[in-house]
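Order of the sequence lines sets the chain letters (A, B, ...), proteins ahead of strands, with each chain counted from 1. Just so you know, these numbers use all the heavy atoms, side chains as well, and skip hydrogens, waters and symmetry mates.
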2 protein chains.
Amino acid sequence: MTHRRDSYHHGDLRRALIEAGTRLARVGGPEAVLVREVTRQVGVAPNAAYRHFADREALLDAVCSQAQGAVAVAMEAELAKVRAKGDAAGRARARLRAVGIGYLRFAQEEPGLFRTAFSFPADLSRAASPDSAGASGLSPFQLLSSALDDLVDAGVLPRAQRPGAEFLAWSAVHGLATLAVTGPLRALSPRRLRSLANRLLDMVDRGLPATADLHSATRPVR
Amino acid sequence: MTHRRDSYHHGDLRRALIEAGTRLARVGGPEAVLVREVTRQVGVAPNAAYRHFADREALLDAVCSQAQGAVAVAMEAELAKVRAKGDAAGRARARLRAVGIGYLRFAQEEPGLFRTAFSFPADLSRAASPDSAGASGLSPFQLLSSALDDLVDAGVLPRAQRPGAEFLAWSAVHGLATLAVTGPLRALSPRRLRSLANRLLDMVDRGLPATADLHSATRPVR
DNA sequence: TGCGTTAGTGGACACCGTACACATGCAGGG
DNA sequence: CCCTGCATGTGTACGGTGTCCACTAACGCA
């Protein structure tokens with residue numbers, strides 16, 4: 001729409017295709033991003049897309065990055081809400097919590113885009129696209145990592161526990177998000193879902209830093 | 001294969017279609033369960049499937065239930081390994097951990113089936129199919145619920161915290177499983193993944209029962 | 001002004017899900 | 001024993017999809 005189509009050439013077809021794809025993904029998730037429909041919306045022949053994307057998968061990857069950027073923006077919005085009061089430890093914990101809340105809120109409010117953002121591309125290397133960042137220039141994953149670094153600096157999380165902690169926190173939040181978006185929790189009212197989210201974040205906050213005593217009952221398996 | 005195809009009628013086509021679909025899902029995940037391919041494998045015309053399933057989605061639901069049954073079996077196998085020694089609390093914790101380990105192990109060893117099992121059906125009501133149970137007759141979700149009940153009986157988890165606890169534990173484990181199967185953790189070696197799984201289960205074990213002191217820094221959002 | 005490169009078009013092919021009309025052969029009543 | 005009804009599988013066809021190929025338009029540089 002922002003692009004001229006007075007003439008044979010489009011001007012910035014690639015961007016237009018991504019935007020149309022994002023609109024479709026917003027409503028119908030990744031499976032709604034069809035080459036033919038996207039080109040139809042832009043008013044161009046189906047094959048024109050192949051001048052800019054190797055195949056449907058490549059187009060979807062681009063839309064995916066765009067959606068991840070939207071997730072990052074949602075997380076940043078929640079981060080902006082934490083007030084600077086309190087001690088460093090409390091602030092760091094609040095920042096980690098805000099990251100999780102932003103993630104979950106986005107999943108709830110934009111299920112189509114959320115599913116698209118985390119229907120991970122076939123080749124992992126594509127993860128680092130510039131589109132997948134928010135206003136701060138950080139991707140969702142980087143925002144989480146940064147929050148965990150703060151937690152270490154504040155002395156809440158032992159530095160030895162830091163490596164891999166992204167994946168523990170991310171797992172918990174991502175699991176709830178997917179269960180809420182596509183899974184059995186999708187019928188839940190936003191009210192109850194928020195309550196569950198708060199309990200989950202309590203669990204992470206409480207369980208992420210390993211306390212000194214490892215209970216003897218839990219031995220590693222195999 | 002176990003069914004006669006000496007004649008026009010098949011005998012038990014419905015079951016044969018589900019089994020073929022499961023084989024396909026094992027290799028290629030839910031998107032590999034195509035009506036045409038399934039019928040091709042059974043040696044029957046594509047439309048024959050429509051005598052037994054309303055549409056592709058219905059067939060996929062049946063395969064999904066079957067896959068959930070396989071998950072339940074994996075969880076039961078892991079439950080069978082916990083030895084009866086120790087106090088009730090330790091045993092209950094070990095059972096919850098076994099449930100999680102079985103889930104994660106299945107995700108790692110059968111990614112196609114795992115993705116199929118938890119690409120939730122369009123209508124949630126279909127959740128309660130008899131196929132989705134393991135040898136004990138319990139579905140994965142029911143096995144988890146039962147483990148949590150044990151945790152309450154053993155006095156580890158306060159009864160007041162019990163409602164909804166399934167979803168907290170499930171979220172954490174399911175999140176790690178999906179990140180490991182389709183997400184950025186899929187490149188991880190089984191060794192490192194097991195380590196991550198153990199840390200995650202530690203986190204759940206430590207964080208699930210809410211301790212008395214709620215840290216003042218984490219206030220509910222909104 | 002002319003020409004090469006880039007971007008978009010048109011038509012075709014294989015594959016998918018699925019609706020409709022038809023063929024088959026098993027089961028039960030005369 | 002045969003006939004008939006009905007469940008089950010077949011054949012054909014339609015619209016949709018992704019994507020290949022040859023073709024064309026027009027932009028930008030010499």
Side-chain angles (χ1 to χ4, degrees), chain A residues 1-25 27-64 112 116 119 121-123 126, chain B residues 1-25 27-64 112 116 119 121-123 126:
Chain A
M1 319 313 166
T2 129
H3 307 285
R4 71 202 164 87
R5 184 53 191 186
D6 47 352
S7 175
Y8 191 87
H9 290 297
H10 180 277
D12 194 358
L13 182 54
R14 183 189 161 88
R15 187 53 55 118
L17 292 173
I18 295 179
E19 279 175 17
T22 304
R23 277 197 305 273
L24 292 172
V27 174
E31 62 270 21
V33 181
L34 308 181
V35 175
R36 289 186 114 102
E37 182 59 28
V38 168
T39 55
R40 209 175 287 137
Q41 296 224 349
V42 176
V44 94
N47 294 335
Y50 288 86
R51 293 286 163 192
H52 302 274
F53 301 97
D55 51 10
R56 186 195 112 110
E57 187 67 20
L59 167 59
L60 197 56
D61 285 357
V63 175
C64 165
T116 307
S119 71
D123 53 338
R126 192 165 312 276
Chain B
M1 317 311 168
T2 131
H3 306 286
R4 70 203 165 86
R5 188 51 211 248
D6 46 350
S7 176
Y8 191 88
H9 290 297
H10 181 278
D12 193 358
L13 182 55
R14 183 189 160 89
R15 187 52 55 118
L17 292 173
I18 295 179
E19 280 175 14
T22 303
R23 278 198 304 274
L24 291 172
V27 174
E31 63 270 21
V33 181
L34 309 181
V35 175
R36 290 186 112 104
E37 180 60 28
V38 168
T39 54
R40 208 174 288 139
Q41 295 225 349
V42 176
V44 93
N47 293 336
Y50 289 86
R51 294 289 167 194
H52 303 275
F53 301 97
D55 51 10
R56 187 196 109 110
E57 187 66 20
L59 166 60
L60 197 56
D61 284 358
V63 175
C64 165
T116 307
S119 71
D123 53 339
R126 190 166 313 275

**Prompt:** What distance separates A:Leu60 CG from A:Thr116 OG1, expressed to the nearest 0.5 Å?
**Reply:** 7.0 Å
Polar-atom pairs under 3.5 Å, protein N or O versus N or O of nucleotides 16-19 of chain D: list them with distances, or write none.
from	atom 1	to	atom 2	distance (Å)
D:dT17	OP2	A:Arg40	NH2	2.9
D:dG18	OP1	A:Val35	N	2.7
D:dG18	OP2	A:Arg36	N	3.0
D:dG18	N7	A:Arg36	NH1	2.4
D:dG18	O6	A:Arg36	NH1	3.1
D:dT19	OP2	A:Tyr50	OH	2.7
D:dT19	OP2	A:Arg56	N	2.7
D:dT19	O5'	A:Tyr50	OH	3.2
D:dT19	O4	A:Arg36	NH1	3.3

**Fill in**
To the nearest angstrom, the CG-P distance between B:Leu13 and C:dT24 comes to 19 Å
**Message:** When you compare the side chain of A:Ile18 with that of A:Phe53, does any pair of heavy atoms fall below 4.5 Å?
**Reply:** yes
Please table the atom pairs, donor to acceptor, closer than 3.5 Å between any side-chain atom in residues 28-38 of chain B and protein atoms at least two apart or in another chain.
from	atom 1	to	atom 2	distance (Å)
B:Glu31	OE1	B:Arg115	NH2	2.8
B:Glu31	OE2	B:Arg115	NH2	2.4
B:Glu37	OE1	B:Arg40	NH1	2.5
B:Glu37	OE2	B:Gln41	NE2	3.3

**Asked** How long is the gap from CZ on B:Arg15 to CG on B:Leu17, to the nearest 0.5 Å?
**Response** 11.0 Å
**Request:** Using whole Å, report how far CZ of A:Arg51 lies from P of D:dC27.
**Result:** 17 Å
**Asked** If you round to the nearest 0.5 Å, how far is CD of A:Glu19 from OG1 of A:Thr22?
**Response** 7.5 Å
**Prompt:** Does A:His52 place a side-chain N or O at less than 4.0 Å from the phosphate oxygens OP1/OP2 of C:dT6?
**Reply:** no
